[in-house]
Amino acid sequence: MGRADRLAAYSNTRMNPIPLPNQSRRSFLRASLASATVLSVPTFLRAQGANGDVRVAVIGTGGRGSGHIGQYLKAKGCRLVAICDCDQKALDRHQAELKNKNVEVKTYLDFRKLLEDKDIDAVSIATPNHTHSLIAIRAVQAGKHVFVEKPVSHNIWEGRQLVTASEKYGKTIMHGMQRRSSEGWAECMEWVKGNTGLGKMTLSRGLCYKSRQSIGKSSAPTEAPSSVNYDLWSGPREIKPVNRKQFHYDWHWQWAYGSGDIGNQGPHQFDVGRWALGDPGESPTSVICVGGRFGYDDDGETPNTQIAFFDFKPVPMIFEVRGLPKAKMEFKKFQSKYMPSPKVNQGTEIGNVIHFEGGFIVEGQVYDNDGKAVRERFKVGESGDHCAHFIDSIHEGKVRKIWNAETGHLCASLPHMANTSYRIGQASKPGEIAERIKGNAQFSETYERMKQHLADNDIDLEKSNPVLGPVLTFDPKSEKFTGELADKANAIQTETYRPGFEIKI
C-alpha cells in the first residue's frame, strides 16, 4: 500500500483522521469532522473583523506565549488583536515588537479585563500551569474559544471542571499537545493498530531525559520583580514571598505553580503513550512513583529523577524523568539517552518507545528483537499546524476528540497521579524499594537503570535515599483516589482557590 493509500485508509478510521497530501486543511476538516472523533459545538458566529477572521488574544507572553504570537501571525483565518501579561515589561516589549511588524494590539495586565472585551473571539493561554484551567474556564464562560497549553490543569479536579465547562458552554477548548497534529505520528499509530508483525504490545514508555542544572538556593525570600503584578501572577494560590532566584520559568519546579518535568515536558510523551494504547477513555486504576531531587540542594521541590508505573489494562505505561547528565554531573557533556536494545544504536532522550513481544518502536523507527529495521521510519514529531487547526476548528464549529478538553485532561491527569504518589511517599533505602517492587518486572528493570544512572553521577543512594511513593488505587469513574491514603491523595488533587480566582462552573 502506498503512502497516499495509507493516509486515505487512515482518514476513515476512528482514532485520528489525517489529511491527504492534496487536501487543504479546511477541506480535510470538513470531510473528517463527521466522524465519531468530533465534539459538536454551536456554529461559530463570524467575527466582525475583516473577512470573518477569528480575533485572537494571547494570554501569557513568555517562551510558549511568544511562540503562540508567531503562529497566529502566520495562521490563516485569524487576526491577533490583543495580548495579556501580568508582567508590564514583557507586555511592553511584545507590543513594541508587534508594532514594528505593523500589527496593532490591545494590551491587558489582568486576564479578567481581557475576557470582558467583546471584540475578542478566542484566547490562547500560555501562562504558568497553576492558572491554565482557571483562565480557560473563565474564558468559555465569557463566550470565548480556548487554546490552552499543556498541562491543561494543575490538578485532576480542575481538569475535569475544564471538560465540564467545555460541554456546558459549548465552546471549543483545544489542548497544546502538538504531536496530535503530526501526520507522521498518525501514520505510526495506524500501523500500530494494525498487524505490525511484532506480536502483542507489552509496554508504552515515555521518556524525558532532559538535563536540568540547579536553580540555585536563595539566602532569603524575596519579592517579585517590580514589573510584575504579583497578585495576578499568584492567581488562585496564596500570595507568598518568592523562594527562587529566577522568578520566571523556575516556578516549574515548585509545587504551588508547576509539576516538574513529568508535567512540563511529560504531557507531550504521555499523549503519544496514551495514543499507542488506543486512547483509553479513562485513567488507570493505580499508580506508583519512585524518585528524588538528587545532586544539588536548591529551591526546587519537584523530583529531577522520577519513574512512574501506570496500571493501564491490558498494557501498562511507564514514564521516566532524568534531570541529571549522563555521568559525573558534567552537564556540558553528553546527555543521558534511553537505549531500548543493545542490538541497535538508536535511542532517544525525549520521546516514546512502544514495546512489543517481537520488537519495539523508538520515535517512529520500527525494529524487531534482532535489531533489524522492519520498515522506513515514520516522520514523527510536532506539527506547526496545531494552532492553525484550532482556528479551523472554530470556523468549522467542531473540534476533533483527539484535540479536545477531555483528551487534554486525561493526559494531564497522569503526571498529577504520579506526583501525588511521590508527594505522600517516604525516603527509603534502595534495597527496600527493590524488594517492594520486585513483583513488577518492567518497573524493576526501570528502577535498576535509574539506580545505575544516579551511581554514574556519583549519587550514593544509601545516603541520599529515594522517595518511594505508595501504590495509589484510583477510581476512574469518580476520578478520586481510593484506599488507605485516599484522604491525603485527594487533598493534593483539589487545592485551594483565593477569592476572585475561584473555579465555578
Side chain His130, main chain Ser234, donor-acceptor under 3.5 Å:
yes
Scan residues 310-324 for pairs that pass side-chain hydrogen bond (donor to acceptor under 3.5 Å, both in side chains), counting only residues two or more places apart or in two chains.
Arg205-Glu320, Tyr209-Glu320, Tyr209-Arg322, Asp311-Lys313, Glu320-Arg449, Arg322-Ser336
Quick check on the 6.0 Å ring-centre criterion: do Phe310 and Phe319 meet it?
no
Between Tyr108 and Asp117, do the side chains contain a donor N or O and an acceptor N or O under 3.5 Å apart?
yes
To the closest 0.5 Å, what do you measure between OG (Ser124) and CD1 (Ile83)?
12.5 Å
Please check: side-chain N/O of Arg274 versus main-chain N/O of Pro280, any donor-acceptor pairing under 3.5 Å?
yes
Can you measure from CZ (Phe312) to OG (Ser204) and round to the nearest 0.5 angstrom?
8.5 Å
Closest heavy-atom pair and its distance - Met177, Gly408
CE-CA, 3.8 Å
Just wondering, do Phe147 and Ile125 contact through their side chains at under 4.5 Å, heavy atoms?
no
Any heavy-atom pair between the side chains of Ile288 and Leu472 that's under 4.5 Å?
no
Quick one: are the ring centres of Tyr447 and Phe309 less than 6.0 Å apart?
no
For Gln254 and Thr302, test the side chains for any donor-to-acceptor distance below 3.5 angstrom and give the result as yes or no.
no
Which of parallel (below 30°), tilted (30 to 60°) and perpendicular (above 60°) describes Tyr422 and Trp255?
tilted
Aromatic ring pairing Trp233/Trp251, orientation class (parallel under 30°, perpendicular over 60°, tilted between)
perpendicular
Any donor-acceptor pair under 3.5 Å from Ser444 side chain to Ile437 backbone:
yes
Ignoring hydrogens and geometry, is there a side-chain-to-backbone donor-acceptor pair from Tyr338 to Val353 under 3.5 Å?
no
Indicate the ring-plane relationship of His386 and Trp403, choosing parallel, tilted or perpendicular according to the 30° and 60° boundaries.
perpendicular
Ser421 side-chain N/O to Pro470 backbone N/O, donor-acceptor pair under 3.5 Å
yes
Is there a donor-acceptor contact under 3.5 Å linking the side chains of Thr61 and Asp85?
yes
With a 4.5 Å limit on heavy-atom distance, are the side chains of Pro466 and Phe294 in contact?
yes
Between the NE2 atom in His409 and the CH2 atom in Trp157, the distance rounded to the nearest 0.5 Å is 12.0 Å
Flag, side chain of Gln178 to backbone of Gly176, donor-acceptor distance under 3.5 Å
yes
Provide the full list of side-chain hydrogen bond (donor to acceptor under 3.5 Å, both in side chains) pairs with a residue in residues 132-141, sequence neighbours left out, each pair given once.
Gln141-Tyr169
Can you tell me how far the OG atom of Ser413 sits from the CD atom of Glu406, to the nearest 0.5 Å?
9.5 Å
Of all the heavy-atom pairs spanning Val140 and Ala165, show the shortest one and how long it is.
CG2-CB, 3.9 Å
Does one side chain, of Ser181 or His389, offer a donor that lies under 3.5 Å from an acceptor on the other?
yes
Please say whether the positively charged group of Arg180, taken as NZ for Lys or CZ for Arg, lies over the ring of Trp275, i.e. under 6.0 angstrom from the six-membered ring centre and within 45 degrees of the axis.
yes
So how far is it from His94 NE2 to Lys89 NZ, rounded to the nearest 0.5 Å?
12.0 Å
Side chains of Asn155 and Glu495: do they bring a donor and an acceptor to under 3.5 Å?
yes
Using side-chain heavy atoms (C-beta onward) and a distance below 4.5 Å, is Gln161 in contact with Ile503?
yes
Can you tell if the side chain of Val321 reaches within under 4.5 Å of the side chain of Ile307, non-hydrogen atoms only?
no
Check the side chains of Asn264 and Lys210 for a donor-acceptor pair under 3.5 angstrom, ignoring hydrogens and angles.
no
Checking Ser259 now: which residues fulfil side-chain contact (heavy atoms from CB on, under 4.5 Å) with it, not counting sequence neighbours?
Asn129, Pro151, Asn419
Donor + acceptor pair across side chains of Asp271, His175 (<3.5 Å)
no
Do other residues, nucleotides or ligands put more than 12 heavy atoms under 6.0 Å from the CD atom of Gln426?
no
Where the side chain of Glu502 meets the backbone of Gly500, is there a donor-acceptor pair that is under 3.5 Å apart?
yes
Do Lys171 and Val146 come close enough that some side-chain heavy atom pair is under 4.5 Å?
no
Taking all non-hydrogen atoms of both residues into account, name the closest pair between Lys245 and Ile215 and its distance.
CB-O, 4.3 Å
Should we count CZ of Arg436 as having more than 12 external heavy atoms under 6.0 Å?
no
Sub-3.5 Å donor-acceptor pair from the side chain of Thr420 to the main-chain atoms of His416, do we have one?
yes
Can you check whether Arg237 reaches Tyr497 side chain to side chain, under 4.5 Å on heavy atoms?
yes
Let me see the working for Glu479 and Ser283 under side-chain hydrogen bond (donor to acceptor under 3.5 Å, both in side chains), right down to the final yes or no.
CA-CA 8 Å; Glu479 294 188 321; Ser283 297; 4.7 Å; no
Flag, side chain of Asp385 to backbone of Ala388, donor-acceptor distance under 3.5 Å:
no
Tell me if a side-chain donor or acceptor on Asp298 pairs with a main-chain N or O of Ser214 at a distance below 3.5 Å.
no
Do Ser286 and Thr473 have side-chain atoms, one donor and one acceptor, less than 3.5 Å apart?
no
Let me confirm one number: the CD-NE2 distance from Gln493 to His154, rounded to the nearest 0.5 Å.
9.5 Å
Answer yes if the side chains of Thr482 and Asp475 hold a donor-acceptor pair under 3.5 Å, and no otherwise.
no
Less than 4.5 Å apart, any side-chain heavy atom of Asn352 and any of Leu207?
no
